[in-house]
Every structure is written in C-alpha cells, then in structure tokens.
Participant: 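Okay, here's the structure, questions in a sec.
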Amino acid sequence: VNDAGRLSIDETVERIKALVGPKGWVSDPNDIEPYLVEPRGLFHGATRLVVRPASTADVAAIVTLCAAAKLPIVPQGGNTGLVGAQVPPENGNNIVVSLQRMNKIRAVDPLNYTMTVEAGVILADIQKAAEEADRLFPLSLGAEGSCRIGGNLSTNAGGVGVLRYGNTRDLALGLEVVLPDGRIWDGLRALRKDNTGYDLKQLFIGGEGTLGIITAAVLKLFPRPREIETAMIALANVDDVMEIFARARAASGDQLTAFELIPRFGIEMTTQHLHGISDPIAAAYPWYVLLEISSSEASGASRAKLENFLAAQIEAGLVVDGVIAASAAQAANIWRIRDGMTEAQGYEGGSIKHDVSVPVSRVAEFIRTAMAAVEARLPGIRPCPFGHVGDGNIHFNLSQPKGADPKGVDKAAYLARWGEFNDIVHGIVAALGGSISAEHGIGRLKRDEITHYKSPLELDLMRKIKHALDPDGIMNPGKVIAAE
Ligand code: FAD
Ligand code: MLT
Ligand code: ZN
C-alpha cells in the first residue's frame with residue numbers, strides 16, 4: 001500500500017487473483033500465450049495476468065481495483081479480431097480480462113423476439129439457441145465458431161447478413177456494461193422503441209473495449225427462414241456483378257440475404273489449398289458471386305424465383321454460367337469456398353489487407369480503379385477483391401507476386417510495403433466517399449491511419465468521449481485513438 005493508501009500494482013494483481021479464485025486467472029507463460037497473439041500474427045503483446053471472471057459482479061470488482069491502481073485493462077472475447085484491438089500492449093503493464101467463462105444464455109423470449117446473453121457466449125451457440133426457439137439470430141461470419149458476442153458487439157461486426165439484417169449495432173436492444181470506474185450500467189432493456197435521450201449503448205457497440213466492458217446484451221431475433229436457396233454464378237466483368245446485384249434485389253426484394261463476391265483467384269486457391277472443396281462450375285470465369293435468397297414461408301417459391309431470375313439473366317447475357325445448390329452439401333461447399341478465402345490466401349505468401357467500403361453504386365468503379373493502381377505500382381501483384389459487395393464492403397487483399405518465395409525474404413520485403421499500398425488503396429476509397437475500415441475496426445492496426453481520414457472535429461469528439469468515460473485512460477489504452 002502506498003502513501004496515498006492505494007494498493008500497488010503487485011498488490012492489486014494479488015487481490016484480483018484472490019477475488020476470482022484459482023479457476024479465474026492464468027499467469028503461466030505457456031497458458032497465457034494464446035491471449036497475447038492474434039489471427040494475422042501482426043501483434044504480440046505481454047501481460048501481468050489473464051483474468052477470467054465468471055460474473056458481472058466479479059468484472060466490476062476487478063475494474064474497481066484496476067481503476068484505483070490505474071492498472072490498464074484489455075478486454076478480450078474470442079480473440080479473432082483482425083486489427084490487434086484485443087492484444088495487450090508489449091510493455092506488459094496491464095491485465096487481460098477474458099469474458100470466456102461468462103457464457104450463459106440468460107433468457108430467450110420468443111414472443112418478444114429477444115434473447116439475453118452474457119458477453120462470452122460463442123456466436124454459433126447463440127445462433128443455435130435461436131434456432132431451437134424457432135427464431136433466427138442473423139449475425140454470421142467466418143469466425144462464428146470462436147468469436148464471442150461481447151467481441152461482436154465491441155467491434156460492431158458485419159459479416160455475410162448485413163445486406164438484409166444490418167450490422168451487430170442493428171441487432172442489439174440493450175447492454176450491461178462495467179464502466180472504467182467499476183460502476184455497472186444496467187441497460188438491459190428489451191424494447192424496440194425507447195426514445196429517452198442519448199442512446200448510450202451505441203457508444204460501447206463498436207467501441208473496441210475502450211469505453212467499458214460489455215458483460216451482457218439483449219439481442220434481436222427474427223423469424224426463422226423456412227427456405228434458403230444458394231447459387232454460385234459466374235460473370236465476365238465486375239460491372240456486371242453490380243448490375244446483377246441491382247437486378248437480384250429488384251427481383252427478390254428483402255429475400256436477398258447474401259451477395260458475396262469471389263474472384264477466380266479465390267476459387268483457385270480454395271480448391272487447391274483447402275480440403276474437401278470442389279469447384280461447382282466446370283469452366284473458369286473472372287468473377288463469381290455467392291447469392292442466397294431466403295424466405296420465412298415454406299412454399300417452394302424461392303427456388304422457382306431464383307431459377308427464373310438466373311434463366312432471364314443468362315438469356316440477357318449478364319450471367320455467363322451458374323449453379324443452384326441442389327442439396328445442403330452443395331450449398332455448404334459453396335459457402336466453404338467463400339469462408340475459406342482468408343485461410344487459403346495464407347498459402348499464397350504475403351497478403352496486404354484492406355477492409356474498405358464505398359457506396360454500393362461505386363463498388364465496381366472502386367475495384368477497377370484500385371486493381372489498375374496496384375498493378376501499375378507492382379506488376380505481378382495478385383489482387384483478391386472479395387466479400388460483402390452487396391453492402392459495399394470489399395476485402396481488397398493483395399497477394400505478393402507469384403514466384404517469390406512465400407516464406408522467405410521476399411515475403412518480408414513485400415509486407416514492408418504495407419503502408420505504401422494502404423496509401424494507394426485508401427486514397428481511392430476516400431476519393432469515392434468510402435471508409436478505410438468497413439467492419440474490422442481500428443484497433444492498433446489503423447489507429448494512426450485513421451487520423452488521415454477522419455476530420456479534426458470527429459477526432460476531437462472521439463477524444464472527448466473517451467476522456468469523459470475513461471479519464472485515466474485505463475480501458476484498452478492505445479487502441480482506436482492515441483492518448484494525447
Ligand atoms: P476479440 O478479438 O476478442 O476482441 C475484439 C475487440 O473487442 C477488442 O477491442 C476487444 O478489446 C473488444 N472486446 C471483446 N470482448 C469485449 C467485451 N465483452 N467488452 C468490451 N470489449 C470487448 N469480422 C467481421 O466484422 N466480419 C467478418 O465477416 C469477419 N470474418 C472473419 C473471419 C475470420 C476467419 C476471422 C479470423 C475473423 C473475422 N472477422 C470478421 C473478425 C472478428 O471475427 C470479429 O471482429 C469479431 O467480432 C471479434 O469477436 P471476438 O470475440 O473474437 O473479439
Ligand atoms: C471475411 O469476410 O472473410 C473476413 O472479414 C475477411 C478477412 O478475414 O480478412
Ligand atoms: Zn468480412
């Protein structure tokens with residue numbers, strides 16, 4: 001205890017261990033390691049302790065102790081984030097608070113179409129629980145088997161259903177949050193209408209753990225689809241992709257639930273590098289789209305609608321080839337291609353990543369312009385634009401030129417040009433009125449980059465909000481916005 005009567009950092013850490021008991025903390029270096037790294041291998045942090053509380057009261061007690069000692073906290077869910085936001089800083093002067101043990105579904109209310117969950121529930125388990133109640137929780141992404149809802153909320157995750165159902169922000173009605181001073185905000189309202197002042201929950205959604213720790217949430221549910229039809233279609237050029245999007249939407253309205261772009265390169269790398277995936281279309285074409293329509297009525301009409309639509313577009317010469325999945329296994333194969341893109345690209349050497357959005361009306365222009373610009377800068381570079389183009393989000397990932405040693409110095413030399421290619425791509429995005437982080441967030445990766453693309457006024461307001469909620473800067477410091 002120091003002169004001011006405050007616990008030292010070491011004493012604080014010991015108090016936290018005693019509070020949560022032996023099951024509630026990890027400090028052995030081997031056991032801690034998985035909490036210090038992230039999927040892209042770009043950041044490797046250090047920490048004094050990983051603490052795994054089992055209740056909101058425990059989280060509040062931990063944060064209260066940390067606030068008194070000014071000990072930084074890094075909240076962590078499933079550790080699948082792609083911008084380094086969940087990784088502790090390298091100096092090790094922090095604790096990681098993992099929500100993994102807070103994995104209970106507190107309540108399902110089918111009449112109210114809501115579910116109340118703790119922050120550590122795995123997304124796939126939430127989807128399953130909704131289905132068991134004959135409802136749909138529509139958030140869906142490649143990492144759904146390991147990401148946790150607190151992480152989804154804190155990153156405002158997007159995924160493949162945004163076109164129809166919106167981002168995570170649109171799927172939450174209420175939150176419970178432990179604030180940086182240890183107080184618990186009970187905002188677990190299950191209301192679709194609530195105009196009682198500022199919508200505080202929206203600060204924490206997409207806040208990347210910098211304003212507080214989400215401990216529970218009330219989620220919105222939807223009617224469960226009775227029919228889902230999945231197609232893979234081939235197109236000759238990227239302008240046709242977006243023309244088909246417009247026509248598919250006009251033909252099926254809100255029944256269009258996914259529209260995901262895959263370039264030829266994506267088909268080649270997933271079928272070559274991943275097990276059990278086959279190319280559903282025999283011939284090779286430059287562009288493909290995974291298109292899904294679904295309906296909560298089981299009338300067989302969706303299948304007929306999709307068949308008629310594709311026949312008309314083939315007749316019109318826009319769709320050059322295509323297949324409608326005839327079984328659940330065929331649909332799963334098409335989805336495995338889409339979801340395997342990132343993993344497969346890992347086998348192609350270095351990949352410089354961009355997660356950008358532009359207005360849907362400018363997606364084709366963005367892809368054409370950005371591909372030409374990066375190819376002019378580095379002949380042989382292999383652009384892989386893919387993803388959620390139906391909502392304007394393109395994962396514009398760039399594989400290193402072929403022939404270069406994927407593991408050797410060429411990879412390092414290529415990745416050293418990350419900033420140079422970011423400048424090119426983000427410049428085009430900005431000129432088209434887009435965003436340099438569509439769905440993955442800012443974290444560490446884009447914290448400094450974002451200062452070139454947000455106005456001084458926006459940055460000033462963000463700093464003021466951070467300061468108002470977390471004046472001592474203990475909640476996930478160094479992420480999203482740099483300390484002044
Ligand atoms: P973590 O990685 O643990 O944390 C992410 C951020 O949230 C950090 O800032 C962390 O501090 C904070 N945080 C976590 N839990 C809490 C909490 N309870 N309270 C406060 N802060 C918290 N993302 C998309 O948006 N769309 C995709 O399509 C998509 N596809 C992916 C595919 C793959 C294969 C992978 C590996 C990742 C993908 N991601 C995607 C990124 C990632 O899965 C999402 O960002 C996800 O929402 C992160 O959840 P998580 O539980 O892993 O969070
Ligand atoms: C995806 O949609 O597959 C991910 O968000 C992209 C990625 O992993 O980079
Ligand atoms: Zn994505």
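The first residue of the sequence shown is numbered 1, and numbering continues consecutively from there. In listed order, ligands and their atoms are each counted from 1.
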Participant: Closest non-hydrogen protein atom to atom 53 (O) of ligand 1, residue and atom name please, with distance?
Facilitator: Gly151 CA, 3.4 Å
Participant: I need the minimum non-hydrogen distance between Phe204 and Leu211, along with the two atoms involved.
Facilitator: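 Minimum heavy-atom contact is CE2-O, 3.5 Å.
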Participant: If you count every heavy atom of other residues, nucleotides or ligands that lies below 6.0 Å from Arg15 atom CZ, does the total exceed 12?
Facilitator: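 12 or below, so no.
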Participant: Restricting to salt bridge (charged side-chain N to carboxylate O under 4.0 Å, His left out), what partner residues turn up for Lys402, sequence neighbours left out?
Facilitator: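 Lys402: no salt bridge (charged side-chain N to carboxylate O under 4.0 Å, His left out) contacts found.
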Participant: Counting no waters, how many protein N/O/S atoms sit under 2.8 Å from the Zn ion (ligand 3)?
Facilitator: 3
Participant: Check the pair Ser294, Glu229 against side-chain hydrogen bond (donor to acceptor under 3.5 Å, both in side chains), reporting the backbone distance first and the verdict last.
Facilitator: CA-CA 6 Å; Ser294 41; Glu229 299 292 343; over 6 Å; no
Participant: Does Leu291 reach the side chain of Ile293, with side-chain heavy atoms less than 4.5 Å apart?
Facilitator: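 Yes; the side chains approach each other to less than 4.5 Å.
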Participant: Working to the nearest 0.5 angstrom, can you tell me the gap between His395 NE2 and Asp355 CG?
Facilitator: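 Reported to 0.5 Å precision, the distance equals 5.0 Å.
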Participant: Of all the non-hydrogen atoms in the protein, which one sits nearest to atom 10 (C) of ligand 1, and at what distance?
Facilitator: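 Its nearest protein heavy-atom neighbour is Pro75 O, 3.2 Å.
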Participant: Given side-chain hydrogen bond (donor to acceptor under 3.5 Å, both in side chains), test Tyr35 with Gln100 step by step and report yes or no.
Facilitator: CA-CA 11 Å; Tyr35 299 88; Gln100 284 168 354; 3.2 Å; yes
Participant: Return yes if some donor-acceptor pair links the side-chain N/O of Arg164 with the main-chain N/O of Asp254 below 3.5 Å, else return no.
Facilitator: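 Checked: pair present.
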Participant: Any chance you could lay out the salt bridge (Lys or Arg N to Asp or Glu O under 4.0 Å) test for Glu365 and Arg368, step after step, and finish with the verdict?
Facilitator: CA-CA 5 Å; Glu365 181 185 359; Arg368 270 191 283 103; over 6 Å; no
Participant: Which protein heavy atom lies closest to atom 25 (O) of ligand 1, and at what distance to 0.1 Å?
Facilitator: Gly158 N, 2.9 Å
Participant: Can you name the ring pair (Phe, Tyr, Trp, His ring centres under 6.0 Å) partners of Phe366, sequence neighbours left out?
Facilitator: Phe396
Participant: Under the side chain to side chain contact (heavy atoms under 4.5 Å, CB included) criterion, do Val97 and Arg52 qualify, and how do the steps go?
Facilitator: CA-CA 6 Å; Val97 176; Arg52 302 167 72 243; over 6 Å; no
Participant: List every atom of ligand 1 that sits less than 4.0 Å from any heavy atom of Gly212, numbering the atoms from 1 in the order shown and giving each element.
Facilitator: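 Listed by number with element: 20 (C).
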Participant: Do the side chains of Ile62 and Leu19 get nearer than 4.5 Å, heavy atoms only?
Facilitator: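 Yes, close enough: below the 4.5 Å cut-off.
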Participant: Give a yes-or-no answer on whether the side chains of Gln345 and Ser399 include a donor-acceptor pair shorter than 3.5 Å.
Facilitator: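 Distance-only check passes for Gln345 and Ser399.
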Participant: Heavy-atom contact check, 4.0 Å cutoff: does Asn476 meet ligand 1?
Facilitator: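 For ligand 1, residue contact (heavy atoms, under 4.0 Å) with Asn476 is present.
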Participant: Just so I know, are the side chains of Glu38 and His44 near enough to count as touching, which here means a heavy-atom distance under 4.5 Å?
Facilitator: no
Participant: For ligand 1, find out whether one of its N or O atoms is nearer than 3.5 Å to an N or O atom of Ile213.
Facilitator: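 N/O-N/O distance below 3.5 Å does not exist for this pair.
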Participant: I need the minimum non-hydrogen distance between Ile481 and Leu459, along with the two atoms involved.
Facilitator: CD1-O, 3.7 Å
Participant: Quick test: of every protein heavy atom, which one is nearest to atom 36 (C) of ligand 1, and how far off is it to 0.1 Å?
Facilitator: Thr80 O, 3.8 Å
Participant: What's the verdict on salt bridge (Lys or Arg N to Asp or Glu O under 4.0 Å) for Asp279 and Arg264, showing C-alpha distance, side-chain angles and the deciding distance?
Facilitator: CA-CA 10 Å; Asp279 186 348; Arg264 178 67 205 163; 3.3 Å; yes
Participant: For ligand 1, which atoms sit closer than 4.0 Å to a heavy atom of Arg148?
Facilitator: 50 (P), 51 (O)
Participant: Do you know which of Leu171, Val117, Asn152 makes side chain to side chain contact (heavy atoms under 4.5 Å, CB included) with Leu219?
Facilitator: Val117
Participant: Tell me which one of Glu439, Met475, His440, Arg444 gets a heavy atom nearest to atom 26 (N) of ligand 1.
Facilitator: Glu439
Participant: Name the closest protein heavy atom to atom 29 (C) of ligand 1, giving the residue it belongs to and the distance to 0.1 Å.
Facilitator: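 Nearest neighbour among protein heavy atoms for atom 29 (C) of ligand 1, to 0.1 Å: Leu141 CD1, 3.6 Å.
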Participant: Check if Gly443 has a non-hydrogen atom at a distance under 4.0 Å from any atom of ligand 1.
Facilitator: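 No; Gly443 lies far enough from ligand 1 that no heavy-atom distance drops under 4.0 Å.
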Participant: Backbone or side chain, does any N or O of Asn152 fall under 3.5 Å from an N or O of ligand 1?
Facilitator: yes
Participant: Short list, please: which atoms of ligand 1 are under 4.0 Å from a heavy atom of His388?
Facilitator: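 By the 4.0 Å cutoff, the relevant atoms are 28 (O).
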Participant: Which heavy atom of the protein is the closest neighbour of atom 35 (C) of ligand 1, given with residue, atom name and distance?
Facilitator: Ala143 CB, 3.7 Å
Participant: Note the single closest protein heavy atom to atom 38 (C) of ligand 1, along with its residue, its atom name and the distance in Å.
Facilitator: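 For atom 38 (C) of ligand 1, the nearest protein heavy atom comes out as Leu82 CD1, 3.7 Å.
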Participant: Pairs of nitrogen or oxygen atoms closer than 3.5 Å, one from Arg338 and one from ligand 1: do any exist?
Facilitator: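 Not met; the criterion fails.
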Participant: Quick check on contacts: which atoms of ligand 1 are under 4.0 angstrom from a heavy atom of Gly150?
Facilitator: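 This gives 15 (N), 16 (C), 17 (C), 18 (N) as the contact atoms.
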Participant: Below 3.5 Å only, please: the N or O atoms of ligand 2 paired with protein N or O atoms, distance on each line.
Facilitator:
unit_1   : atom_1 : unit_2 : atom_2 : d
ligand 2 : 2 (O)  : Arg338 : NH2    : 2.7
ligand 2 : 2 (O)  : His388 : NE2    : 3.1
ligand 2 : 2 (O)  : His395 : NE2    : 3.1
ligand 2 : 3 (O)  : Arg338 : NH1    : 3.2
ligand 2 : 3 (O)  : Arg338 : NH2    : 3.4
ligand 2 : 5 (O)  : His395 : NE2    : 3.1
ligand 2 : 5 (O)  : Glu439 : OE2    : 3.0
ligand 2 : 5 (O)  : His440 : NE2    : 2.7
ligand 2 : 8 (O)  : Thr342 : OG1    : 2.8
ligand 2 : 9 (O)  : Arg40  : NH2    : 3.1

Participant: Judging by distance only, is a nitrogen or oxygen of Leu99 under 3.5 angstrom from one on ligand 1?
Facilitator: no
Participant: List ligand 1 atoms under 4.0 Å from Gly81, heavy atoms only on the residue side.
Facilitator: 2 (O), 52 (O)
